[in-house]
Protein chains: 2
Amino acid sequence: MSVFAGQGDAARSMALLWSGPDAPGHQAEGLRRSPGPKRALSVDVIVEAAIAAADADPMTGVSLRAVAERLGCTSMALYTYVPGKGELLDLMYDRAHAELSTGHDPSRGWRAAATSWAGELRSFYLRHPWVLQVSYARPVLGPHEQAVMETLAGIVFRTGLPAATLRGIVSALFHFVRGNAQTAAESRLAATATGMSDQEWWTSRSSLLERLAPDFAERFPMSIRLSTPEPVPARRDESTPHGEHQADEATPYMEHQTDEAFAVGLSVLLEGVDATRNNLSLPPSAAADAS
Amino acid sequence: MSVFAGQGDAARSMALLWSGPDAPGHQAEGLRRSPGPKRALSVDVIVEAAIAAADADPMTGVSLRAVAERLGCTSMALYTYVPGKGELLDLMYDRAHAELSTGHDPSRGWRAAATSWAGELRSFYLRHPWVLQVSYARPVLGPHEQAVMETLAGIVFRTGLPAATLRGIVSALFHFVRGNAQTAAESRLAATATGMSDQEWWTSRSSLLERLAPDFAERFPMSIRLSTPEPVPARRDESTPHGEHQADEATPYMEHQTDEAFAVGLSVLLEGVDATRNNLSLPPSAAADAS
DNA sequence: TAGAACTCCTTATGCCATAAGGTGTTATCC
DNA sequence: GGATAACACCTTATGGCATAAGGAGTTCTA
């Protein structure tokens, strides 16, 4: 039952995000100018603790109580530093993005760069699944997320496509990576939370379905055909071109599924970018996209 | 602060989902065989009321209290019919999918069919944004969602691609449509909830950013270039770099952005599917995918 | 007609965010 | 150097949530 999604007062979040570390309340020590007791905490420390709490228990959203417990104070004490939970979430979100690398090797092609960018983002989301709960509409773009955006923008501009097209591509890339990572993360979390492995889940689900809907195969033949694995004769023939994976027990079923879906989907998406480039360079006889 | 995401006991959800309407508790009337007072409600009625409640207030997740209020009973009465909130959510989720059309015109090409399928799914999500809060991992596939899946499977098999590739494509399509719809829906909801239009939001955000990060343009040149609209000749000088948009009041800024991103992203994705087909039909000299 | 089964209610528990207001600490001004 | 005002942090209260526990009334069956 993951919880959070919205954000708080954007103006206050942005002020906290973009103001330097010398801003009021941002640090415990510093040139104090005001009366009152010394501040025991700082925004940075709170954000750090909140991230740790969210990482430690990603299923249930972070609670101010849990954060406060980590810091040895009451939840109300946090309100001195942060306007509320929503704003704290914004801060956590941006701070976490500082983990992502911002440069890309310009000697590689745009496609290789995009592929590794997407892979890095995906593993970032898998490390911090709670990040995916933060809404994407009306983004409170903090410096670190903006840097991620900047990196991707730098990569896609090398395709030579116009900005309007690139906006669509960037958005599609983000949605794809986020969606895939969310599925993968939730499947992992479900396994640890319920104590039921993916394998167990799927077999029990299948047998249930068989009992409850005996006519499943006739009603949904295409679905069955889609989910049926290829007849894999030995090890690694090239019938499944993308990222074949030997069924060692180390990687559970769903994990393998999402990994493969990621490789295939990303490849197809970038193939589409390439094709869109070719379409533009071709003489106007090339059929326009039949949307 | 949208809330819900997980699901409840899958076995019980599946029993409720797949059992016919004559199953115990599914209907108010029927061949009663047991003592006790008549059932005033039914699972179907509860699910219907819950969907109505969720549609009416999609920001905050549905609460059992709200559903009960609609039905003129207490929240605890619902527990007689439904094991808990998670299972109710599963039922709502599947029931809502009954709205989607399941056939597709086989005379049209796969691409046209996929495009209209995606468009229909997107507008469905926009009608019922709460559906997007239901997790995608360990799906409790009910009959109606399965029918949607079946339709898409039928479409993509007409590309002739192998099932493993198609799984990746299907997954990418879903993630793309879901992500885009979620962004669009949240942006709409934010507008009505905060009473601040997208236009207002973006201008206030821009001016805030200008004050808090005066060096934004130097730090993030690519982002600026990406968000800058193509040089539309007249209308508004380009001194305000962020997201200028001719202000027709009909379609607000973000709405236009997400609509365009949907069209472009979908087109690129399907272009990639097409290109992947061509790659497979080509002689083996065609460069394999450089993942 | 007694009893069992069943529905639905009231009440209680334990989470959660956060509003309200009290108490002790501390820098600054007279 | 002491008064004072600003401030951090606490306790307590409010209202919302899911749901556990148990009680009261209704209706079928033996």
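By convention in this document, chain letters (A, B, ...) are assigned in the order of the sequence lines, proteins followed by strands, and residues within each chain are numbered from 1.
- A:S187 and A:E255 form no side-chain donor-acceptor contact under 3.5 Å, judged by distance and modelled atom types alone.
- In this structure, A:L71 places its CG atom 11 Å from P of D:dC10, rounding to the nearest Å.
- If you take CD of A:E69 and P of D:dC9, they are 18 Å apart, rounded to a whole angstrom.
- When rounded to the nearest whole Å, the span between CG of B:L89 and P of D:dC17 equals 15 Å.
- A search for salt bridge (Lys or Arg N to Asp or Glu O under 4.0 Å) contacts involving B:R65 returns nothing, not counting sequence neighbours.
- Taking 4.5 Å as the limit, some side-chain heavy atom of B:L209 sits within range of a side-chain heavy atom of A:W18.
- B:F220 is linked by a ring-ring contact (aromatic ring centres under 6.0 Å, His included) to B:F216, counting only residues two or more places apart in sequence or in another chain.
- When the C1' atoms of four end pairs are superposed on the next four at each end of the helix from C:dT1-D:dA30 to C:dC30-D:dG1, using five pairs per end, the two resulting axes differ in direction by 20°, to 10°.
- The aromatic rings of B:F262 and B:F176 lie parallel to each other, their planes meeting at an angle below 30°, with 60° marking the opposite boundary.
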Hey, can you pull the donor-acceptor pairs under 3.5 Å for the side chains in residues 142-151 of chain B, sequence neighbours left out?
unit_1 : atom_1 : unit_2 : atom_2 : d
B:H144 : ND1    : B:D94  : OD2    : 3.2
B:E145 : OE2    : B:Y93  : OH     : 3.0
B:Q146 : NE2    : A:S223 : OG     : 3.1
B:E150 : OE1    : A:M222 : N      : 3.4
B:E150 : OE1    : A:S223 : N      : 2.8
B:E150 : OE1    : A:S223 : OG     : 2.5
B:E150 : OE2    : A:M222 : N      : 2.8
B:T151 : OG1    : B:T102 : O      : 2.6
B:T151 : OG1    : B:A147 : O      : 2.9

Practice item. Starting at the 5' end of nucleotides 4-16 of chain C, put B wherever the base has a protein heavy atom under 4.0 Å, S where only the sugar-phosphate does, and a dash everywhere else. Key: -BBSSSB-----B

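- For the salt bridge (charged side-chain N to carboxylate O under 4.0 Å, His left out) condition, the pairs that include at least one residue of residues 193-211 of chain A, sequence neighbours left out, are A:D198-B:R138.
- Contact annotation: the side chain of A:V177 never approaches that of B:H175 to less than 4.5 Å [non-hydrogen atoms, C-beta and beyond].
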